[in-house]
Amino acid sequence: MTSPGNQNLEIGEFAEGSEREVEAAVSAAKAAAPDWETFDVDSRVEIFQNAADIMRDRKYELAATVSLENGKNRTEAMADVDEAIDFLDFYSSEFERANGYEFDTGEPTPGQHTTNLLRPYGVFAVISPFNFPMALFVGMSAGALITGNTVVAKPASTTPLVARKYVDILEEAGLPDGVLNLVMGGGSDVGQPLVEHEDVSGVAFTGSRGVGLHIQESFMELGKRGPVIAELGGKNPVIVSDTADIDEAVEGVKNGAFSFSGQKCSATSRVYVYESVIDEFTDKLVTEAEELTIGPATDRDTFVSPLINDGALEDYQEITEQARNDGTVHTGGNVVTDGDLDAGRFVEPTVVTDIPHEHELAREEHFLPFVTIHPVSGLEEGIEKSNDSEYGLCAGLFSTDETEIDHWFDEIESGMCYVNRNQSATTGALVQAQPFGGWKFSGTTGKFAGGYWYLQQFMREQSRTRVE
Ligand SMILES: NC(=O)c1ccc[n+]([C@@H]2O[C@H](COP(=O)([O-])OP(=O)(O)OC[C@H]3O[C@@H](n4cnc5c(N)ncnc54)[C@H](O)[C@@H]3O)[C@@H](O)[C@H]2O)c1
Ligand SMILES: N[C@@H](CCC=O)C(=O)O
């Protein structure tokens, strides 16, 4: 494997698993499950707290690995590692606070004594995407493991190294053999047989809508009864009102649309701007986009980093060509090959107008530095168009009118809702403070990662009554 920003730089050679490795991994996870369930709350929590400490000590090395392997710039790579540590800290403290989800429910009638508890399902498959190779791999697998399941985990085929490092960290932190099993490889060679394996009871998946729904359907068809906890894509809308501070809105949309080159499920992708301010907003966004530094992920001042693979580069060329034909490209639309950049997959941040609301460029998730701007007559039209999507992940509003803000919070169909956030209009949720998940086709459970109702999904309830 090579680095997305420099294809002359070898990251390493990695195993490509198949059904045989899946079989061995599931069998190890199944064998380890009974013992792992008997670990008490404190012993389990201690392992994940140890892992968080090790990651804090190795933060710069891990972030550098993320940068080289998946092309995140320095800030984004550090945030990825920080988020992983936050997941470990938060899930540990939550599991501890809930006493492992075991409650004494008292004496329903004299002589009877009852407890109510949540118990693990058994073996979970954890399948993660390339774009948060540390945070999402760590977060999902920690959710499954701390609740007493054993895990077979498959990272994205483009980011195996970060996953390997985390598995080693957990081993060093005290996780017993067989509790977490890593199988590297592709979606159809490893992911699909893993999901379909008869001893896999539940799946935690983050990735595209198509793959996530396919996993859910496979589970149903096979008559499996455990959960498919899937976090899927987004087509995240932002409304800019005529009462907004336009400079703040431009800053928020620029950061939301172009950080990590738009390769975030939370990326800002369509902006509905009141007609009276759309020209000012567009001109300023174009100026800002043109000032962004495009470069290797590890360079200190790089903002726009490379695309993950050749497929993404081809998609970029295709959609920008379509935008030229069907709309107006104000800036961007080109592959960047200046100097050393021809060794990587670099592209310009792209701002487009005159694309009809119904156009697929304004409806499909592209996962690229590409944003469309659309005029609206006011808040109602902005909300109607924002909600007219099969996705419901993140949304933003820029307005200084309290009535508009309250109305938008009530009406917007979205998991994460941000008002006047110049840091980013739609990206950058923090674990625990801003739990992350999607409505509609952006997720399957309505419960959010890094939130107070996440861990329970990995467990099933049991009521125990004993007559004394
Ligand atoms: N909602 C969220 O929290 C969130 C977070 C990050 C990324 N995403 C989404 O992830 C997508 C981008 O990541 P990606 O390109 O890695 O996604 P992807 O769906 O292509 O791949 C995700 C994972 O699924 C595996 N996979 C592929 N086919 C499979 C199959 N048939 N069975 C089982 N596993 C299979 C892949 O190998 C990879 O490990 C975007 O759609 C983005 O919105 C969502
Ligand atoms: N949690 C991240 C997005 C994860 C998906 O790509 C954010 O809030 O930006």
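FYI, side chains are in, hydrogens and waters are out, and symmetry mates aren't considered; it's all heavy atoms of this structure. We count ligands from 1, going down the list as the structure has it; atoms in each ligand are counted the same way.
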Could you work out, for atom 41 (O) of ligand 1, the closest of Glu365, Glu231, Gln263 by heavy-atom distance?
Glu365
Which part of Asn131 is near ligand 2, with near meaning a heavy atom under 4.0 Å away: side chain, backbone, both or neither?
side chain
Ranked by distance from atom 4 (C) of ligand 2, the top protein heavy atom is Cys265 SG, 3.3 Å
Are side-chain N/O atoms of Lys264 and Ser259 paired as donor and acceptor at under 3.5 Å?
yes
Look only at interatomic distance and state if Leu136 has a nitrogen or oxygen under 3.5 Å from any nitrogen or oxygen of ligand 2.
no
If you have a sec, work out which protein heavy atom is nearest atom 38 (C) of ligand 1 and how many Å separate them, to one decimal?
Ser128 O, 3.3 Å
Measure from atom 29 (C) of ligand 1 to every heavy atom in Val211, Leu194, Val190 and give the option owning the shortest one.
Val211
Any non-hydrogen protein atom below 4.0 Å of atom 21 (O) of ligand 1?
no
Under 4.0 Å from a heavy atom of Gly428: give me the atoms of ligand 2 that qualify, with their elements.
7 (C), 8 (O), 9 (O)
Heavy-atom donor-acceptor pair, Ser261 side chain to Ser305 backbone, under 3.5 Å:
yes
Any N/O of Lys264 closer than 3.5 Å to an N/O of ligand 2?
no
Which one of Cys265, Gly415, Gly233, Gly187 has a non-hydrogen atom at the shortest distance from atom 28 (N) of ligand 1?
Gly187
Could you tell me whether Ser188 approaches ligand 1 through its side chain, its backbone, both or neither, with non-hydrogen atoms closer than 4.0 Å?
neither
Salt-bridge test for Lys165 and Asp168: reply yes if a basic N is under 4.0 Å from a carboxylate O, no otherwise.
no
